[in-house]
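Shown next, in structure tokens, is the structure this report addresses.
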Amino acid sequence: MINLKGKVAVITGSSRGIGKSIAVELAKQGAYIVLNGRNQSRLESAKLELGKIHNNIVSYCCDVSDINQANELIKTAIQHFGKLDILINNVGISMRGDVADLNPEVFKTVFESNVLGSVYPTVPALKELRKTKGSVVFISSLAGIRGLPFLSAYSSSKMALRGITESIRIEEKKHNIHVGLVLVGITQIEHNKETISSDGSKKVLKKRDSSKVDSTEKVAKKVLKNIQKRKFITTLTPIGKLNKFLQARFPLLVEKIILGNLDKFQEKSE
Ligand SMILES: NC(=O)c1ccc[n+]([C@@H]2O[C@H](COP(=O)([O-])OP(=O)(O)OC[C@H]3O[C@@H](n4cnc5c(N)ncnc54)[C@H](OP(=O)(O)O)[C@@H]3O)[C@@H](O)[C@H]2O)c1
């Protein structure tokens, strides 16, 4: 297993939620951290929290779906720590609604955040990761295994991450860069986490019953394992593993199962 002490990690969208937990777990292992988010005050409180673990914590407030800002984020890591060992593309937003009712702008917003917001930091990071034989990890979802009802833009954006991961793995093999993909299941969410409704408006998600969902700490520990073992795909939760197995072999059976449970998907999308 790779020792994370002294490794320099940029985690996009790490001012709260899963991204912050990944940053905390990495910091506990002695990694130097570059935190990121768009809201300055949220970012500062995350930095204060991580500062209790050690002092090598830097934050850079920016929107990673903007090319220039994403470039600056990677530059910040190099300016402060002189190298980059790990990039975790964690930023992502979800949506809800039938395609027929969808304001097409929803697709644009979701792809800008989830796909371009992952590609823009990755491009400048790869040249730095070649020097350290480092890791780039994409945070996907069980919704990225197949297209799910009422989640078309979200599912397809996460499926795009699979394609990007596969391409980079082959391209960077000769440079010994580890490229990982983590398929996350339903996880605890922070108060006031938003999704996008069919009409494009923001909607606050309902609180989740904590006994039925993964904690952000548990997800973060799996992400660290993916990096330390230089794994390709990490699929979380038993239902995720079953879904992946069945989808690869019996996609029409999976479709049938989903059709038989459509009310549950509908309920989850409210
Ligand atoms: N939670 C789940 O159940 C679940 C399940 C499967 C997969 N996932 C995936 O896990 C990842 C994290 O989810 P989460 O639930 O932890 O999300 P979250 O609580 O909404 O946190 C998202 C983080 O990203 C930042 N952010 C959002 N857009 C950004 C942008 N364009 N540029 C820079 N920072 C940005 C947010 O801060 P600001 O708003 O201040 O920018 C925040 O720090 C996502 O990729 C999501 O798809 C989550």
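Whatever order the structure lists ligands and atoms in, that order sets their numbers, starting from 1. What you see below is based on every heavy atom in this structure, not just the backbone, and it leaves out hydrogens, waters and symmetry mates.
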[X]/[Y] ion pair, N-O < 4.0 Å:
{"X": "Glu217", "Y": "Lys221", "value": "no"}
{"X": "Lys131", "Y": "Glu128", "value": "yes"}
{"X": "Glu166", "Y": "Arg169", "value": "no"}

What is the nearest protein non-hydrogen atom to [atom], stated with its residue, atom name and distance?
{"atom": "atom 27 (C) of ligand 1", "answer": "Arg38 NH2, 3.3 Å"}
{"atom": "atom 19 (O) of ligand 1", "answer": "Arg16 NE, 3.6 Å"}
{"atom": "atom 16 (O) of ligand 1", "answer": "Ile18 N, 2.8 Å"}
{"atom": "atom 43 (O) of ligand 1", "answer": "Ser15 OG, 2.6 Å"}
{"atom": "atom 24 (O) of ligand 1", "answer": "Gly13 CA, 3.0 Å"}
{"atom": "atom 8 (N) of ligand 1", "answer": "Tyr154 OH, 3.6 Å"}
{"atom": "atom 12 (C) of ligand 1", "answer": "Asn90 OD1, 3.3 Å"}
{"atom": "atom 31 (N) of ligand 1", "answer": "Asp63 OD1, 2.9 Å"}

Answer yes if the side chains of [X] and [Y] hold a donor-acceptor pair under 3.5 Å, and no otherwise.
{"X": "Lys222", "Y": "Thr234", "value": "no"}
{"X": "Ser94", "Y": "Thr195", "value": "yes"}
{"X": "Ser197", "Y": "Asp199", "value": "no"}

Look at ligand 1 and say whether [X] reaches it with a heavy atom at a distance under 4.0 Å.
{"X": "Ser94", "result": "no"}
{"X": "Arg208", "result": "yes"}
{"X": "Ser21", "result": "no"}
{"X": "Lys158", "result": "yes"}
{"X": "Ala143", "result": "no"}

Assigning hydrophobic clusters by single linkage (Ile, Leu, Val, Met, Phe, Trp, Tyr; side-chain heavy-atom cutoff under 4.5 Å), is Ile11 placed with Ile227?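 Both belong to a single hydrophobic cluster.
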Between Val58 and Leu43, is there shared hydrophobic-cluster membership here, with clusters defined by ILVMFWY side-chain heavy atoms closer than 4.5 Å? no
Minimum non-hydrogen distance to [atom], winning option of [options]:
{"atom": "atom 20 (O) of ligand 1", "options": "Lys193, Glu194, Glu190", "result": "Lys193"}
{"atom": "atom 40 (O) of ligand 1", "options": "Asn39, Asn89, Val219", "result": "Asn39"}
{"atom": "atom 32 (N) of ligand 1", "options": "Leu116, Val64, Thr187", "result": "Val64"}

Anything under 30° is parallel, anything over 60° is perpendicular, the rest tilted; go ahead and classify His54 against Tyr32.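 Perpendicular, since the angle between the ring planes exceeds 60°.
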Hey, is Ser113 touching ligand 1 through its side chain, its backbone, both or neither, going by heavy atoms under 4.0 Å?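 Neither part.
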Atoms in ligand 1 with a heavy atom of [X] nearer than 4.0 Å:
{"X": "Asn36", "value": "33 (C), 34 (N)"}
{"X": "Ile189", "value": "1 (N)"}
{"X": "Cys62", "value": "32 (N), 33 (C)"}
{"X": "Ser140", "value": "7 (C)"}

Where the side chain of Ser140 meets the backbone of Leu183, is there a donor-acceptor pair that is under 3.5 Å apart? no
How far does CG of Asn89 sit from OH of Tyr120, to the nearest 0.5 angstrom? 13.0 Å
What distance do Gln69 atom CD and Asp63 atom CG have between them, rounded to the nearest 0.5 Å? 5.5 Å
Please determine whether side chain to side chain donor-acceptor pair (under 3.5 Å) holds for the pair Lys244 and Thr235, giving the CA-CA distance in whole Å, both sets of side-chain angles, and the decisive distance to 0.1 Å. CA-CA 8 Å; Lys244 197 172 113 182; Thr235 307; 3.1 Å; yes
Would you please test Glu25 and Gln29 for side chain to side chain donor-acceptor pair (under 3.5 Å) and show each step? CA-CA 7 Å; Glu25 294 304 323; Gln29 297 298 318; 5.5 Å; no
Got an N/O contact under 3.5 Å between Gly17 and ligand 1? no
Hey, is ligand 1 close enough to Ser141 that some N/O pair sits below 3.5 Å?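 No; every N/O pair is 3.5 Å or more apart.
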